[in-house]
2 protein chains.
Amino acid sequence: MSGPEDPLLITNVAVAVDLAIFTIREQRLQLLLIRRSLAPFRGRWALPGGFVLPGEDIDAAAERELREETGVQRDAAHLEQLATYGAPRRDPRGRVVSVAHLALVADAATPVAGTDAAESRWADVADLPHLAFDHDRIVADGLDRARAKLEYTTLATSFLPTTFTLAELRSVYEIVWGAQLDPANFRRKVLASDGFVVPAAGGPTVHGRGRPAARYEAGGATVLHPPLLRPT
Amino acid sequence: MSGPEDPLLITNVAVAVDLAIFTIREQRLQLLLIRRSLAPFRGRWALPGGFVLPGEDIDAAAERELREETGVQRDAAHLEQLATYGAPRRDPRGRVVSVAHLALVADAATPVAGTDAAESRWADVADLPHLAFDHDRIVADGLDRARAKLEYTTLATSFLPTTFTLAELRSVYEIVWGAQLDPANFRRKVLASDGFVVPAAGGPTVHGRGRPAARYEAGGATVLHPPLLRPT
DNA sequence: CGTTTTATGGTCAGATTGACTCTAAAAGGA
DNA sequence: TCCTTTTAGAGTCAATCTGACCATAAAACG
């Protein structure tokens, strides 16, 4: 593009980042919500987010927000840009362009505490309230992205702690996709995918019931060849 | 996110859209470039783009730019948001956040004429000059996206006119992926993909050499089940 | 100590894939 | 006209992959 040659064309635009932060808790896919304490949409639930600071990179702003809201460091979670939402009237106070991000975090590492005072909670994705602004759409887009990316990337491991069993990994897929997978076939495909998972050092788990499962950790791979397709 | 509660936080940010417009001409994947007539990067090639007007939706701005640069209407091409680039120093004049878009257009419908005066050309993707701003990265990201989306969507048809032969469709894949595909196997997979292509009304083509091929047109499908994976 | 539960290894028929072969239908040249 | 060249399109076949199962292993529970 070109620069602001004509200052008259420059709208006073504010740039924000909003985060759709997903995790899996209690066997359910959940999303972090913040209750707005200010107008507009005061009292309404919304995605965590905030303005990009002067001189701050957009990616850095997203990382900062993720850290502020969950205490999660960049390397302990997956964070990627989702899409940018800039309809003229999406914020009644003025032109605000929001660069939405998708974050996947592990359960253990995401206390709701540590937030900047505002009330927050993990909400079941299957039972979300109507959100402020255009955040309903952002969440829908984020869900689509997450579900699709499980097929051809190793992203599912982002929902899990450092080491995990194949049953836990399968559970991630089942919860995100809302479909049952055959344990034996899932194992075969995952183990055949080069670099998806590698055996972890420690011994088996004590899961409580059933035969203890071997522990694995994420391998170096980030894309899956071939993909692990959703059941039709 | 929340609104501009503190006016001091609002940087004077300009929002632009930049377009990576790909087409296939002369059996090569090409990208539309504009030569900058103003500083910065004056004389350097860059992606077409411009500022989002006050009150204009970002998507609308992208459609407008596409129309201005190529004369292509929205429905005759594929246009999607790619990513947003907002590093603080990406534009030396000030903070400019660019919402990059990816466009795929058919050859016939894209004259370089009709442009707003600036010099423009189609450049081979394999032989691009060093572009202004961070446009090299935008192009690389757009290429990755396009190559990946050919696998699991019917996007390849966007490069072709309304009706086309399977050889032409295969050629799109081969040019974008830079790999040869077996004609017979390609045909089998495409015809087996429900709604990818449907036979066109008109008779066969006279291609010049060889047996004339049947004409097809894009079917209603937009995603491919199963995907048409790149050769390994 | 038997029952239940889950992990993990195998089996098998059917579907899919990649590599090829064969025929059809045109153009171009001798 | 007839032969050669070229590409479209149908078909074959072995290797691989997939989904649906079955079987055994290793724990907890009563």
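Lettering follows sequence order; numbering is per chain, from 1.
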Novice: Quick one: is the NZ or CZ of A/Arg121 closer than 6.0 Å to the six-membered ring centre of A/Trp45, and within 45° of its axis?
Specialist: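 Flagged: A/Arg121 positioned over aromatic ring of A/Trp45.
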Novice: Nearest whole Å is fine: how far is D/dA10 P from B/Lys189 NZ?
Specialist: 18 Å
Novice: Would you check if there is a donor-acceptor pair between the side chains of A/His101 and A/Asp18 at a distance under 3.5 Å?
Specialist: no
Novice: I'd like a list of close polar pairs between nucleotides 19-22 of chain C and the protein, N/O only, cut-off under 3.5 Å.
Specialist:
residue : atom : partner  : partner atom : Å
C/dA19  : N7   : B/Asn185 : ND2          : 2.9
C/dA19  : N6   : B/Asn185 : OD1          : 3.2

Novice: Sequence neighbours left out, what pairs pass ring-ring contact (aromatic ring centres under 6.0 Å, His included) with at least one residue falling in residues 182-203 of chain B?
Specialist: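 Of all non-adjacent pairs touching residues 182-203 of chain B, those that pass ring-ring contact (aromatic ring centres under 6.0 Å, His included) are B/Tyr173-B/Phe186.
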Novice: State which of C/dG9, C/dT6, C/dA26 makes the closest approach to the side chain of B/Pro212.
Specialist: C/dA26
Novice: Taking only heavy atoms on the protein side, list every residue of residues 218-232 of chain A lying under 4.0 Å from any atom of DNA chain D, sorted numerically.
Specialist: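 Result for residues 218-232 of chain A: none.
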Novice: Identify, with sequence neighbours excluded, every residue that meets side-chain hydrogen bond (donor to acceptor under 3.5 Å, both in side chains) alongside A/Arg35.
Specialist: A/Glu119
Novice: Need one value for B/Ala192: base, sugar-phosphate or nothing, where a base atom within 4.0 Å counts as base even if backbone is also close, heavy atoms only.
Specialist: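 No contact.
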Novice: Nearest whole Å is fine: how far is D/dC17 P from A/Phe186 CZ?
Specialist: 18 Å
Novice: Can you name the side-chain contact (heavy atoms from CB on, under 4.5 Å) partners of A/Arg147, sequence neighbours left out?
Specialist: A/Leu143, A/Val176, A/Trp177, A/Arg230
Novice: Rounded to the nearest Å, what distance is computed from the CZ atom of residue B/Arg209 to the C1' atom of nucleotide C/dA25?
Specialist: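 Taking atom C1' of C/dA25 as the reference, CZ of B/Arg209 is at 15 Å.
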Novice: Looking only at side-chain atoms of B/Arg211, point me to the closest of D/dA27, C/dT8, D/dT7.
Specialist: D/dT7
Novice: I'd like to know if the side chain of B/Glu168 and the backbone of B/Thr165 have a donor-acceptor N/O pair within less than 3.5 Å.
Specialist: yes
Novice: Of all residues at least two apart in sequence or in a different chain, which pass the side-chain contact (heavy atoms from CB on, under 4.5 Å) check with A/Ala61?
Specialist: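 A/Ala61: side-chain contact (heavy atoms from CB on, under 4.5 Å) contacts with A/Val17, A/Val52, A/Glu56, A/Arg64.
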Novice: With respect to the side chain of A/Arg187, which nucleotide from D/dA10, C/dT6, C/dA7 is positioned closest?
Specialist: C/dA7
Novice: Starting from P on C/dA15, measure out to CG on B/Asp194 and report it in whole angstrom.
Specialist: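 From B/Asp194 CG to C/dA15 P: 17 Å.
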Novice: With a 3.5 Å distance limit and no angle check, can you tell me whether B/Arg215 reaches the backbone of B/Thr163 through a side-chain donor-acceptor pair?
Specialist: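 Here the side-chain-to-backbone pair exists.
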Novice: Output the rounded distance in Å from CG (A/Leu169) to P (C/dT6).
Specialist: 18 Å
Novice: Any side-chain to backbone donor/acceptor pair from B/Lys189 onto B/Pro227? Under 3.5 Å, distance only.
Specialist: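 Here the side-chain-to-backbone pair exists.
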Novice: What is the separation between atom CZ on A/Arg170 and atom P on C/dT8, rounded to the nearest whole Å?
Specialist: 10 Å
Novice: Whole angstroms only, please: what is the CG-P distance between A/Leu181 and D/dC21?
Specialist: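 In whole Å, D/dC21 P lies 15 Å from A/Leu181 CG.
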